[in-house]
Student: 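Before anything else, here's the structure in question.
If you're wondering where the values come from, they're calculated on a predicted model, not measured in any experiment.
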Number of protein chains: 2
Amino acid sequence: MVTLAEVAQHAGVSASTVSYVLSGKRSISVATRERVEQSIQQLGYHPNAGARALASSRSNIIALMVPLRTDMYVPVMMEIAIAVATTARTHGYDVLLLTGEEGPAAVRRIAGSSLADAMILMDVELHDERLPLLRETDRAAVLIGLPADTAGLTCVDLDFEATGALCVEHLAGLGHREVAVIGEAAAVYERHTGFAERTVDGVRAKAQETGVRILHRPCEGGYAAMAQTLSRIFDERPGTTGFIVQNEAAVEPLLNLLRQQGRAVPEDVSVVAICPEQVATQASVRLTSVAIPAQEMGRRSVEQVVAKLSGRGVDEVELLAPELTVRESTGPAPV
Amino acid sequence: MVTLAEVAQHAGVSASTVSYVLSGKRSISVATRERVEQSIQQLGYHPNAGARALASSRSNIIALMVPLRTDMYVPVMMEIAIAVATTARTHGYDVLLLTGEEGPAAVRRIAGSSLADAMILMDVELHDERLPLLRETDRAAVLIGLPADTAGLTCVDLDFEATGALCVEHLAGLGHREVAVIGEAAAVYERHTGFAERTVDGVRAKAQETGVRILHRPCEGGYAAMAQTLSRIFDERPGTTGFIVQNEAAVEPLLNLLRQQGRAVPEDVSVVAICPEQVATQASVRLTSVAIPAQEMGRRSVEQVVAKLSGRGVDEVELLAPELTVRESTGPAPV
DNA sequence: GACCACTGTCGAAGCGCTTCGACACACGAG
DNA sequence: CTCGTGTGTCGAAGCGCTTCGACAGTGGTC
């Protein structure tokens with residue numbers, strides 16, 4: 001393994017000079033810089049990460065904590081994680097992947113060992129166990145999701161209230177007066193993940209404003225659960241013509257069941273989904289939807305965390321504005 | 001931040017003693033050990049990762065390289081990644097998440113900087129660019145997937161040949177004589193990822209043995225592509241009664257289309273899927289399937305890599321035996 | 001022409017840990 | 001009683017890097 005000292009010797013300068021060439025923290029003459037850079041190339045030098053971390057007390061690693069909840073839609077998590085990893089690289093950071101297994105203790109371990117300079121927490125609950133520990137630490141951190149109390153925390157999330165409102169607005173604009181919201185599994189609400197509730201809040205507010213009647217039903221994914229939910233909805237509100245679905249595993253069952261019942265989409269009923277683009281475009285009917293901006297969330301969270309690490313950056317909640325894309329699953333309410 | 005030296009002082013011993021208590025590399029009297037452990041508790045000591053890595057030239061980090069190919073089924077990747085991360089923790093390792101963005105250079109960077117002690121490479125191609133670099137390095141490594149030349153490499157993968165054979169065997173046993181294989185997108189074959197070809201090889205071999213006729217068609221996911229593929233299949237082989245699907249994005253379209261064409265599953269046609277359990281059980285028909293043992297693959301790859309790091313462990317290809325679960329999508333061939 | 005400010009480079013002191021050899025002491029064997 | 005053999009502990013030397021202060025040399029200013 002090539003060391004800094006060997007590079008220095010090869011270039012005929014001192015070790016500190018090589019270090020300064022690498023970090024750019026002091027001015028170096030062009031001639032020297034070029035000579036050093038050439039030696040680095042020739043010898044194939046890579047700075048030792050451990051030594052660097054020890055000396056500078058910065059590891060250039062960001063920890064990404066991904067809880068293991070089975071009720072979350074995996075591809076979105078993955079997309080965020082990938083976006084975090086790639087964005088981090090462009091800022092010179094690597095990403096450490098922590099799963100929920102270890103629980104809140106992971107926060108302490110990572111902070112205590114200085115393994116990572118900062119943390120990004122995904123799938124944050126309203127009263128997340130990790131938050132107290134996080135507040136104790138002076139480590140930079142960003143949450144993806146919104147806890148109940150955001151004081152002193154930086155958060156990035158989709159603006160789910162606006163998302164709910166946007167869906168209702170779209171349907172109301174098409175003349176729908178009775179709208180059903182098919183939500184996440186009941187477990188998600190019980191865990192108080194926040195985003196599900198926020199969507200419904202947004203839906204309700206806009207519904208009131210536009211005079212739309214709302215029926216909200218949580219739903220497990222799959223055909224059996226969806227069939228049951230659907231028949232309940234039509235029993236209770238036979239006049240329902242609009243659906244808002246916020247549950248990836250319910251999308252396809254819903255479309256299939258409507259079809260089987262002879263209800264045409266969008267002629268008889270309109271469907272708006274809150275889901276990743278891929279789900280919306282690959283469904284059996286191309287869905288009008290509000291996308292989950294997974295990439296954007298990953299990217300922004302890294303940018304926030306990097307800003308904090310470099311002294312800039314403040315604690316604030318950043319809500320990403322939802323965008324509704326009209327496709328083939330929504331149309332004017334039947335007369 | 002508490003240091004080893006402070007713990008030593010607090011416990012009234014030398015720094016090296018504390019180190020030996022932590023590592024267990026020398027015998028320590030019970031009394032001393034307990035005193036030290038108590039000090040560690042009281043002070044909330046966590047060893048500094050950088051210092052430890054520098055001094056021991058082991059970082060206790062495993063790098064996981066996840067290429068960013070959009071044509072791979074994401075949940076499987078994620079499941080493997082999660083399994084890797086959790087298994088790694090049980091062996092005292094953390095996991096660094098590397099995306100494909102950086103390309104083969106990542107191998108050099110990680111090895112050169114000693115950031116990770118070992119690497120696990122996912123989604124390996126037959127002639128993977130990363131392999132030459134990997135062979136240069138003396139870093140421990142395990143591949144998930146099978147390249148063309150496995151000499152000097154450790155690999156973990158599902159035995160896709162046996163998987164293909166198992167599917168044919170099942171259908172042949174039910175009396176099916178004409179079987180269509182619906183494969184991955186053409187891009188997957190062109191990239192020579194290996195697993196897709198291996199499945200077809202296994203299918204062909206067993207088909208010959210059992211006198212089954214095979215038609216193999218790659219297929220992009222989604223309804224449009226599937227509709228086209230399906231009509232071609234029935235044009236060319238009207239007597240087709242068995243399907244083997246190895247493409248998550250084609251599963252639901254296939255079932256829907258068969259239904260629309262008035263072909264009952266499993267009375268008229270049988271379908272065997274090669275896919276994660278979740279896809280098989282959540283499809284509109286519960287599918288007879290061979291599961292992708294994502295967890296097992298992640299777990300085994302870590303165990304192999306840990307074995308190598310501790311001197312045990314040898315270079316070998318470990319193929320996991322496929323298991324076929326009979327559900328409701330296969331039945332006797334119609335007479 | 002003396003002075004100052006700046007620029008570019010160097011040496012040395014750590015960062016917090018591991019690990020090697022040394023050493024003190026206790027104990028059983030001869 | 002001495003010697004050899006373990007056993008438990010310590011001190012010191014690094015691991016490879018960053019960074020601070022020092023210091024030549026250069027050029028501009030009054």
Student: Quick one: are A/Leu115 and A/Leu96 in side-chain contact, heavy atoms under 4.5 Å?
Tutor: yes
Student: Can you tell which of D/dC10, D/dC17, C/dG16 lies closest to the side chain of B/Val13?
Tutor: D/dC10
Student: Mark yes when over 12 heavy atoms from residues, nucleotides or ligands other than B/Gln295 sit less than 6.0 Å from its CD; otherwise mark no.
Tutor: no
Student: When you measure from the side chain of B/Arg52, which nucleotide among C/dG11, C/dC17, C/dC15 comes out closest?
Tutor: C/dC17
Student: Test A/Gln304 against every option in A/Asp315, A/Val142, A/Val314 by the side-chain contact (heavy atoms from CB on, under 4.5 Å) rule and name the one that passes.
Tutor: A/Val142
Student: Please list, by residue number, the residues of residues 17-35 of chain A whose heavy atoms come closer than 4.0 Å to an atom of DNA chain D; answer none if no residue qualifies.
Tutor: A/Ser19, A/Tyr20, A/Lys25, A/Arg26
Student: Out of C/dC10, C/dG16, D/dG11, which nucleotide sits closest to the side chain of A/Ser16?
Tutor: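 For the A/Ser16 side chain, the nearest candidate turns out to be C/dC10.
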Student: May I have the distance from A/Asn60 (atom CG) to D/dT18 (atom C1'), rounded to whole angstrom?
Tutor: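 Those two atoms, CG and C1', are 13 Å apart.
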Student: Would you compute the distance between atom CZ of A/Arg135 and atom CG of A/Asp138 and round it to the nearest 0.5 angstrom?
Tutor: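 Going from the CZ atom of A/Arg135 to the CG atom of A/Asp138 covers 15.0 Å.
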Student: Could you state the atom-to-atom distance from CG of B/Leu54 to P of C/dG16 in whole Å?
Tutor: 12 Å
Student: Would you say the side-chain atoms of B/Asp117 pair up with the backbone N or O of B/Arg58, donor to acceptor, closer than 3.5 Å?
Tutor: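 Answer holds: no.
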Student: C/dG14 C1' sits how many Å from A/Leu4 CG, rounded?
Tutor: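 After rounding, the gap between these two atoms is 15 Å.
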Student: Report the distance from atom OG of A/Ser39 to atom CD of A/Glu6, rounding to the nearest 0.5 Å.
Tutor: 11.5 Å
Student: Measure the distance from CD on A/Gln9 to P on C/dC10 and round it to the nearest whole Å.
Tutor: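 Nearest whole value for this atom pair: 13 Å.
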Student: From D/dC17, C/dT19, D/dT19, pick the nucleotide closest to the side chain of B/Ser56?
Tutor: C/dT19
Student: Roughly how many Å is it from CG in A/Asn48 to P in D/dG16, rounded to a whole number?
Tutor: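 So the CG-P distance, A/Asn48 to D/dG16, works out to 7 Å.
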Student: From CZ of B/Arg58 over to P of C/dT19, roughly how many Å is that when rounded to an integer?
Tutor: 9 Å
